[in-house]
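First the structure, in the form of structure tokens, and then the observations on it.
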Amino acid sequence: MTKRTITPNKILNLLYTEHPKFHGREEAGSQSYAIKPEVLKWMANNIPTGSNTLETGCGYSTVLLTLLSKKHIVISPFPQEHKLIREWCNSEGVNNDHVKMIAETSQDVVPNLECNDLDFILIDGDHAFPAPFIDWYYTADKLKVGGTLAVDDTHIPTGKILRDFLLKEHTRWSLITDIGTTAFFKRISKENVARDIIWVQQKYCELPKSSLSKRVINKLKRTLRLK
Ligand SMILES: C[S@@+](CC[C@H](N)C(=O)[O-])C[C@H]1O[C@@H](n2cnc3c(N)ncnc32)[C@H](O)[C@@H]1O
């Protein structure tokens, strides 16, 4: 099939005027839980064409990443969502031959996922504890240094904790921007950024200073009482 050339901005306009429905718990195609248009606009302006990308969850972001990437991995459990997205892409002339859609939960897939040198990761699948952390833990080291990690739904406690954690990891991650409730971070370290790091090397896990002094005082008190 001959594919028409379509720009990221044109595809965003189409998505947000046509409002195709890809989601739905009972029946895929009955709902849309699409990411906010300003988030996709930011991605369209900042993710270079020809990128190597991955997302957990799927939807409008998948359409945009399909257009921007040379290789894209989508992990989400419902094959019907994937079918609807491919059909919509085909109807709009968006080539999706380079997109691998894995119809399983990301928790089951990411621990053994083979991919490397990612330019961009979007975490927007299951938001229940601890799914976003599993997504992050098993994919973050596959991101290139300088690559971008997006954490969606930072108003949900799981997304918020992940954002708060990454903010404290300032030798490994740098916040690029928050667009509404989506946080974009840049990987800045060539050392591991997720795996094989012990808790004392993570600022987020630092014990409050006062607790150390309290422990010393309590120990002193106990020692004095014994005398
Ligand atoms: C909020 S929607 C994603 C919105 C999408 N980024 C967009 O722009 O339209 C959440 C997605 O996560 C998927 N999902 C649900 N449970 C999941 C899981 N355990 N692993 C991966 N994806 C999951 C849903 O099927 C749905 O596609």
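Just so it is clear, the model here is predicted, and its values are computed rather than measured. Whatever order the structure lists ligands and atoms in, that order sets their numbers, starting from 1. FYI, the numbering just counts along the sequence from 1.
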Element-labelled atoms of ligand 1 that are located less than 4.0 Å from some non-hydrogen atom of Gly57: 11 (C), 12 (O), 13 (C), 22 (N)

Using a strict cut-off of 4.0 Å, indicate which atoms of ligand 1 neighbour a heavy atom of Phe78. 25 (O)

Could an N or O of ligand 1 be found under 3.5 Å from any N or O of [X], whether backbone or side chain?
X      : value
Ser61  : yes
Asp153 : no
Glu81  : yes
Gln107 : yes
Ser76  : no
Ile35  : yes
Tyr60  : yes

Minimum-distance protein heavy atom relative to [atom]:
atom                    : result
atom 14 (N) of ligand 1 : Pro77 CD, 3.7 Å
atom 1 (C) of ligand 1  : Tyr33 O, 3.5 Å
atom 20 (N) of ligand 1 : Ser106 N, 3.0 Å

Please check: side-chain N/O of [X] versus main-chain N/O of [Y], any donor-acceptor pairing under 3.5 Å?
X      : Y      : value
Arg163 : Phe184 : no
Asp126 : Ala128 : yes
Asn52  : Lys70  : no
His72  : Thr62  : no

Within a reach of under 6.0 Å around [atom1] of [X], are more than 12 heavy atoms found that belong to other residues, nucleotides or ligands?
X      : atom1 : answer
Lys144 : NZ    : yes
Lys71  : NZ    : no
Lys168 : NZ    : no

Would you tell me which option among Ser32, Pro37, Cys58 has the nearest heavy-atom contact to atom 5 (C) of ligand 1? Cys58

For atom 4 (C) of ligand 1, which of Leu64, Asp124, Ile85, Ile123 has the closest heavy atom? Asp124

Has Ala131 got any heavy atom lying under 4.0 angstrom from an atom of ligand 1? no

Separation between CD of Glu81 and CD of Gln31, rounded to the nearest 0.5 Å: 11.0 Å

Sort out for me which residue in Leu40, Asn45, Asn46 forms a side chain to side chain contact (heavy atoms under 4.5 Å, CB included) with Met43. Leu40

Contact region, Ile75 to ligand 1, non-hydrogen atoms below 4.0 Å, reads backbone

Of the backbone atoms (N, CA, C, O) and the side-chain heavy atoms from C-beta on, which set of Asp126 has a member under 4.0 Å from an atom of ligand 1: side chain, backbone, both, or neither? both

Donor + acceptor pair across side chains of Thr56, Asp135 (<3.5 Å): yes

Does the side chain of Ser32 come under 3.5 Å of the side chain of His19 through a donor N or O and an acceptor N or O? no

